[in-house]
Amino acid sequence: MSTGTAVTTATKRVPRVRLGPVVERILGYVILGAAVIWVLANAIANPDRFLGSVLVGLQNGMLYALVALGYTMVYGIIELINFAHGDLFMLSTIVAAAVMVSVMGVGQLGVSTFLPLLVAMVVCMAFGALVNVSAEFFAYRRLRTAPKLAPLMTAVGLSFVFRGFAQQDYINGSAQKNWPVTWGGPILEGVYVYKIVLIAAVTIPLLLAMTYIVTRTKMGKAMRAVAQDQDGARLMGINVNGTISFVFMLGGALAGAAGVLYFLAQTQTYYDTGTQLGLIAFTAAVLGGIGNLSGAVVGGLAIGLVQALNEGGTYGLGSNWSQSVVFLILIVLMVFKPEGIFGRPTTEKV
């Protein structure tokens, strides 16, 4: 695993669609040019509306990036698409609401809520890490040598278990729950300034910390070694099980942090939140290059901006088409560059 390249572990290249280098380059320039023209047209038509959409896009994109990092880190190590990750994020939103509103009595969000935010962040990150490590220890670890479909279906099963817990009336219930919390402070183009500053102030250091851990620490070197060759890493004295558990811990902590920020942004909880946002975050990871940390961040920000401009821009198609636009972009990219924006050509074992 690295911040600049996707993890690959085998020797046979997967064939990709080839229309010829010249044709591919022309199509790429045409698609990129159309995107630039669309963005500029929205900016010129209504600059204020464009600015508001960009702020919302950055806010949502940072949340997508946090959740996407959890997907891409686990996949980069053991090539598991942890579909339960989105629902772990959903459970974290409920824990965040309980801590901040029910326990600490927060009703007005702003600069003065720093202490409750800090407490909720610590609790939710610890909660996410504990649940994710427990899932790895009791479920995924025992399926590490099983056919890939077995851990994948286990992840799907855990996703339904998490949703089942959230649907219980004493936890959240099956209906959307709106919490009596409001934002204060200045508003810029319909967006609370404190909200986007807070999300950026938490998200950016977390993303930088993840990059530092992977690239500069001893555990990061162990993670990259395990991603490349588990047997070889074990022979070199690396604790493979401990390293994989550490990766799950980091992914769960990121899901917990994203849960707190999502609750602060939306002030509501819903048992199905993880399904849609988790799918979008997974799409962001694939778009940037699954197994690539930088790609997950860029993919999350790109999807957030595209969604916001499509929904709030002058020349957008509206919210009913947001998901279609996002996945159409993904399909086009996968056809011509299946490894993602920053990924290398994928490989398979033979």
Side-chain angles (χ1 to χ4, degrees), residues 1-10 65-86 88-89 128-156 158 206-207 209-256 278 281-282 284-286 288-297 299 339-340 342-344 346-349:
M1 176 184 292
S2 70
T3 58
T5 58
V7 174
T8 56
T9 58
L66 276 180
V67 181
L69 276 177
Y71 279 109
T72 204
M73 289 183 72
V74 171
Y75 184 87
I77 294 292
I78 60 174
E79 296 186 354
L80 168 67
I81 301 173
N82 185 15
F83 282 117
H85 187 73
L88 175 59
F89 152 79
L130 178 62
V131 173
N132 225 25
V133 169
S134 299
E136 190 278 327
F137 180 80
F138 291 107
Y140 300 136
R141 182 175 298 185
R142 286 155 175 75
L143 298 172
R144 200 171 293 163
T145 58
K148 290 186 177 181
L149 188 60
L152 179 64
M153 295 310 299
T154 301
V156 173
L158 279 176
L206 284 176
L207 298 179
M210 291 302 106
T211 302
Y212 176 80
I213 289 173
V214 172
T215 59
R216 301 293 182 181
T217 66
K218 183 177 180 181
M219 181 58 75
K221 293 179 180 178
M223 291 162 58
R224 298 197 303 272
V226 172
Q228 186 173 12
D229 187 346
Q230 290 189 23
D231 293 332
R234 190 175 289 109
L235 290 173
M236 296 300 294
I238 295 174
N239 185 345
V240 172
N241 288 334
T243 302
I244 293 175
S245 293
F246 182 77
V247 172
F248 273 85
M249 183 190 72
L250 289 181
L254 289 173
F282 175 68
V286 175
I290 191 72
N292 185 295
L293 302 185
S294 301
V297 175
E339 61 273 11
F342 293 107
R344 289 180 176 176
T346 55
T347 58
E348 63 179 8
K349 294 180 180 180

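Note that the structure is a prediction, hence the values are computed from the model and not measured. Numbering starts at 1 and runs along the sequence shown.
Remark: Ile238 CD1 to Lys221 NZ distance equals 10.5 Å, nearest 0.5 Å. Within the model, atoms CD1 of Ile77 and OG1 of Thr243 stand 7.5 Å from one another, a figure rounded to the nearest 0.5 Å. Here CG of Leu207 is found 5.5 Å from CG of Leu66. Values are rounded to the nearest 0.5 Å. Remark: Met153 CE to Leu143 CG distance equals 12.0 Å, nearest 0.5 Å. The line from CE of Met236 to CG of Asp229 is 11.0 Å long, rounded to the nearest 0.5 Å.
The shortest side-chain heavy-atom distance between Met73 and Met210 falls under the 4.5 Å cut-off. Under the 4.5 Å side-chain criterion, counting only non-hydrogen atoms from C-beta, Ile78 is in contact with Phe248. The closest side-chain heavy-atom distance from Val67 to Leu254 is not below 4.5 Å. Inter-residue side-chain proximity for Ile244 and Met223 is flagged as unmet; no heavy-atom pair is nearer than 4.5 Å. Leu149 places a side-chain heavy atom less than 4.5 Å from the side chain of Leu152. In this structure the side chain of Val133 never reaches within 4.5 angstrom of the side chain of Val131, judged on heavy atoms. Side chains of Phe246 and Ile213 form a contact here, defined as non-hydrogen atoms less than 4.5 Å apart.
Side chains of Asn82 and Tyr75: a donor-acceptor N/O pair is absent below 3.5 angstrom, by distance only. Side-chain atoms of Ser245 and Arg141 include a donor-acceptor pair closer than 3.5 Å.
Aromatic pair Phe83/Tyr71: centroids not less than 6.0 angstrom apart.
Counting all heavy atoms, side chain and backbone alike, His85 lies closest to Gly251 at CE1-O, 3.1 Å. Taking both residues in full, the closest heavy atoms of Val240 and Ala233 are given as CG2-CB, 4.4 Å, listed atom of the first, atom of the second, then distance. Shown here for Ala84 and Tyr140, the closest heavy-atom pair between the two residues is CB-OH, 4.1 Å. When every heavy atom of Ile81 is checked against every heavy atom of Ala155, the shortest pair comes out as O-CB, 4.0 Å. Considering every non-hydrogen atom in both Gly76 and Ala227, the closest pair reads O-CB, 3.2 Å.
Within the 3.5 Å criterion, the main-chain N or O of Ala150 finds a donor-acceptor partner in the side chain of Thr154. In this structure a side-chain-to-backbone donor-acceptor pair under 3.5 Å is present from Arg224 to Val214. Between the side chain of Thr72 and the backbone N or O of Asn292 there is at least one donor-acceptor pair closer than 3.5 Å.
Contacts of Arg144 classified as salt bridge (charged side-chain N to carboxylate O under 4.0 Å, His left out), with partners at least two apart in sequence or in another chain: Glu136.
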